[in-house]
Amino acid sequence: SQQGEEDPQALSIQEGENATMNCSYKTSINNLQWYRQNSGRGLVHLILIRSNEREKHSGRLRVTLDTSKKSSSLLITASRAADTASYFCATDEDTTSGTYKYIFGTGTRLKVLA
Amino acid sequence: SAVISQKPSRDICQRGTSLTIQCQVDSQVTMMFWYRQQPGQSLTLIATANQGSEATYESGFVIDKFPISRPNLTFSTLTVSNMSPEDSSIYLCSAGLLYNEQFFGPGTRLTVL
């Protein structure tokens with residue numbers, strides 16, 4: 001099952017513009033992570049934001065988290081062609097065995113046009 | 001951050017055979033997971049690899065089809081048994097410390113003929 005739904009499913013923008021993608025999830029979380037995946041390759045970890053944090057920055061990336069709405073957003077500023085990739089959010093879900101597992105959202109395919 | 005390697009990176013297999021994928025982490029980690037990703041799709045969790053005990057499988061995945069081992073804190077294997085073309089996919093290993101960043105291996109691209 002997928003914990004997160006992301007929108008839009010696909011996004012096409014011009015180089016230099018900002019890109020915003022959203023993730024909604026269903027249950028309470030300890031943290032949420034964002035990943036990038038270039039075509040046919042492994043996932044690159046971008047940012048982890050904890051449930052007691054509201055905003056986090058890393059370079060041109062800005063992540064927000066609203067636990068009351070069970071949603072998060074990833075903003076990429078001044079986009080570049082190299083940002084073209086799929087972006088996924090992943091949320092932790094506690095298990096009955098006392099640990100957790102990460103469930104991934106549906107993903108957003110970003111295309112940045114030069 | 002943890003560096004994760006997977007072997008093989010890709011393979012083409014015949015129907016009915018089995019393939020074992022290895023996942024090696026360069027540091028001790030608490031959690032290790034195995035995922036499957038169909039082309040153009042998101043990641044689906046197969047199971048949590050538990051150190052020294054049986055893996056915890058997600059709905060739709062069973063031990064007979066996807067046996068998993070995790071003999072220590074840095075290594076795990078996933079076997080895809082009695083393969084069919086429907087098993088063609090990318091298989092990914094991830095690892096991390098409890099409630100911290102989870103990192104991914106480069107994946108194993110499997111094609112079953």
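Naming: A, B, ... by sequence-line order, numbering from 1 per chain.
- Smallest separation of non-hydrogen atoms from B:Tyr35 and A:Tyr102: OH-O, 2.9 Å.
- Residues B:Leu73 and B:Met31 do not share a hydrophobic cluster, defined by chaining ILVMFWY side chains whose heavy atoms lie under 4.5 Å apart.
- Linking Ile, Leu, Val, Met, Phe, Trp and Tyr whenever their side-chain heavy atoms come within less than 4.5 Å puts B:Ile63 and B:Val80 in one cluster.
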Taking it one step at a time, do B:Gln37 and A:Gln37 satisfy side chain to side chain contact (heavy atoms under 4.5 Å, CB included)? CA-CA 12 Å; B:Gln37 186 180 30; A:Gln37 185 179 39; 2.8 Å; yes
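- For B:Tyr99, the parts lying under 4.5 angstrom from a heavy atom of chain A are both the backbone and the side chain.
- Residues B:Val29 and B:Leu92 do not share a hydrophobic cluster, defined by chaining ILVMFWY side chains whose heavy atoms lie under 4.5 Å apart.
- Residue contact with chain A, scored on non-hydrogen atoms closer than 4.5 Å, involves the backbone and the side chain of B:Asn100 alike.
- In the hydrophobic cluster analysis, where Ile, Leu, Val, Met, Phe, Trp and Tyr join through side-chain heavy atoms closer than 4.5 angstrom, B:Leu78 is grouped apart from B:Phe75.
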When you look at A:Phe88 and B:Phe104, which way does the ring-ring contact (aromatic ring centres under 6.0 Å, His included) test go after all the steps? CA-CA 13 Å; A:Phe88 296 95; B:Phe104 278 81; 9.5 Å; no
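- Of residues 45-75 of chain A, those residues lying under 4.5 Å from chain B by any heavy-atom pair are A:His45, A:Leu48, A:Arg50.
- Tracing side-chain contacts under 4.5 Å through hydrophobic residues (I, L, V, M, F, W, Y), one reaches A:Phe104 starting from B:Ile90; they form part of the same cluster.
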In sequence, state the C-alpha distance, the side-chain angles, and the governing distance for B:Leu43 and A:Leu43, and then conclude on side chain to side chain contact (heavy atoms under 4.5 Å, CB included). CA-CA 10 Å; B:Leu43 280 72; A:Leu43 278 75; 4.0 Å; yes
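- The minimum heavy-atom distance between B:Leu98 and A:Tyr100, with the atom names listed, is CD1-CE2, 2.9 Å.
- Within residues 10-25 of chain B, no residue has any heavy atom closer than 4.5 Å to a heavy atom of chain A.
- No donor-acceptor distance shorter than 3.5 angstrom exists from the side chain of B:Ser42 to the backbone of A:Gly107, with no hydrogens or angles considered.
- Using a 4.5 Å cut-off between heavy atoms, B:Gln41 contacts chain A through its backbone alone, with no side-chain atom that close.
- Contact detail for B:Gln102 and A:Gln33: the closest heavy-atom pair is N-OE1, 3.1 Å.
- Other residues, nucleotides and ligands contribute more than 12 heavy atoms inside 6.0 Å of the CD atom of A:Glu17.
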